[in-house]
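Heads up, the thing below is written out as structure tokens.
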Amino acid sequence: QLQLVESGGGLVQPGGSLRLSCAVSGFTLDYYVIGWFRQAPGKEREGVSCISRGSGSTKYADSVKGRFTIFRENGKSTVYLQMNSLKPEDTAVYYCAAGRTYNDYPYNMDFWGEGTLVTVSS
């Protein structure tokens, strides 16, 4: 059974950092694109970043470029989202998801985690 489990969320002050983890099971990172998404209260879900299978190419939303970094550890079947210089507008539930096609991102993601809450506040 394919599963994705997010962790690492919490409360952080503006300007601080958090590292989110997405642990996958039931499949290997060699065959799936992994994306991070977020949904803030009262807003639609949006794509934040993704990493391809194979070469590890990455994409970022304009709002997080230069502040967030996505990377993976294949041996641990985990994809991370390093978030620096956090802003109050980064507050959201963050989800990871798996899909088959890099160019389809942020659409056509087949499997989703339950999410982890990130709150940026002083």
Side-chain angles (χ1 to χ4, degrees):
Q1 185 175 357
L2 281 69
Q3 272 193 314
L4 299 94
V5 179
E6 304 93 338
S7 62
L11 174 64
V12 62
Q13 292 187 341
S17 298
L18 279 177
R19 178 177 292 183
L20 305 184
S21 300
C22 174
V24 308
S25 60
F27 65 97
T28 71
L29 296 177
D30 292 337
Y31 296 104
Y32 282 88
V33 175
I34 302 297
W36 282 98
F37 296 77
R38 66 186 181 186
Q39 187 165 19
K43 294 188 177 182
E44 292 189 356
R45 186 173 62 199
E46 63 173 346
V48 175
S49 181
C50 76
I51 187 165
S52 73
R53 52 186 174 173
S55 66
S57 298
T58 58
K59 295 181 182 180
Y60 295 93
D62 288 344
S63 58
V64 307
K65 279 181 183 175
R67 300 188 299 122
F68 290 12
T69 303
I70 189 171
F71 61 100
R72 66 186 185 208
E73 285 192 74
N74 288 352
K76 293 186 177 181
S77 296
T78 302
V79 174
Y80 302 93
L81 186 68
Q82 177 67 43
M83 306 187 296
N84 299 329
S85 303
L86 282 162
K87 305 175 181 180
E89 51 264 43
D90 295 317
T91 295
V93 177
Y94 283 71
Y95 302 88
C96 63
R100 295 306 300 267
T101 307
Y102 182 65
N103 287 338
D104 284 354
Y105 173 84
Y107 305 106
N108 297 332
M109 305 303 284
D110 298 320
F111 306 100
W112 292 82
E114 295 293 316
T116 185
L117 177 63
V118 172
T119 303
V120 185
S121 174
S122 54

Phe37: ring pair (Phe, Tyr, Trp, His ring centres under 6.0 Å) partners, not counting sequence neighbours: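 By the ring pair (Phe, Tyr, Trp, His ring centres under 6.0 Å) rule, Phe37 matches Tyr105, Trp112.
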Listed partners of Tyr80 passing ring pair (Phe, Tyr, Trp, His ring centres under 6.0 Å), at least two apart: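 Applying ring pair (Phe, Tyr, Trp, His ring centres under 6.0 Å) to Tyr80 gives Phe71.
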[X] with [Y], same ILVMFWY side-chain cluster at under 4.5 Å:
X	Y	answer
Val93	Val118	no
Leu117	Val12	no
Met109	Val24	no
Ile51	Tyr95	no
Tyr107	Val33	no

Can you name the nearest heavy-atom pair linking [X] to [Y], along with the distance?
X	Y	answer
Leu4	Cys22	CD2-SG, 3.7 Å
Thr69	Tyr60	CA-OH, 3.4 Å
Ser85	Ser17	N-OG, 4.4 Å
Leu81	Ser49	CD1-CB, 4.2 Å
Ile70	Trp36	CD1-CD1, 3.6 Å
Ala98	Ile34	CB-CD1, 3.8 Å

Got a second to check how far [X]'s [atom1] is from [Y]'s [atom2], nearest 0.5 Å?
X	Y	atom1	atom2	value
Asp90	Ser121	CG	OG	12.5 Å
Met83	Arg19	CE	CZ	11.0 Å
Phe68	Leu20	CZ	CG	8.0 Å
Gln82	Leu18	CD	CG	8.5 Å
Gln3	Phe27	CD	CZ	10.0 Å

Co-members of Leu11 in a cluster of I, L, V, M, F, W and Y side chains, linked at under 4.5 Å: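 Under the 4.5 Å side-chain rule, Leu11 groups with nothing.
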Please answer whether the main-chain N or O of [Y] pairs with a side-chain N or O of [X] as donor and acceptor at a distance below 3.5 Å.
X	Y	result
Tyr102	Gly56	no
Arg38	Glu46	no
Glu114	Glu6	no
Thr119	Thr91	no

Which residues share a side chain to side chain contact (heavy atoms under 4.5 Å, CB included) with Ala40, sequence neighbours left out: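 Here the qualifying residues are Lys43, Ala92.
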Close side-chain approach of Ser25 to Ser77, heavy-atom, < 4.5 Å: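 Side chain of Ser25 against side chain of Ser77, heavy atoms only: no contact under 4.5 Å found.
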Validation row: Asn108, Thr101 side chains within 4.5 angstrom (heavy atoms):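 No, side chains not in contact.
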Sequence neighbours excluded, every pair satisfying disulfide (SG to SG under 2.5 Å) that has a member inside residues 24-53: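 Pairs touching residues 24-53 that pass the test: none.
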Counterpart residues, side-chain hydrogen bond (donor to acceptor under 3.5 Å, both in side chains), relative to Lys65 (two or more places apart):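 Here the qualifying residues are Asp62.
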Step-by-step side-chain hydrogen bond (donor to acceptor under 3.5 Å, both in side chains) determination, Tyr32 to Arg53: CA-CA 6 Å; Tyr32 282 88; Arg53 52 186 174 173; over 6 Å; no
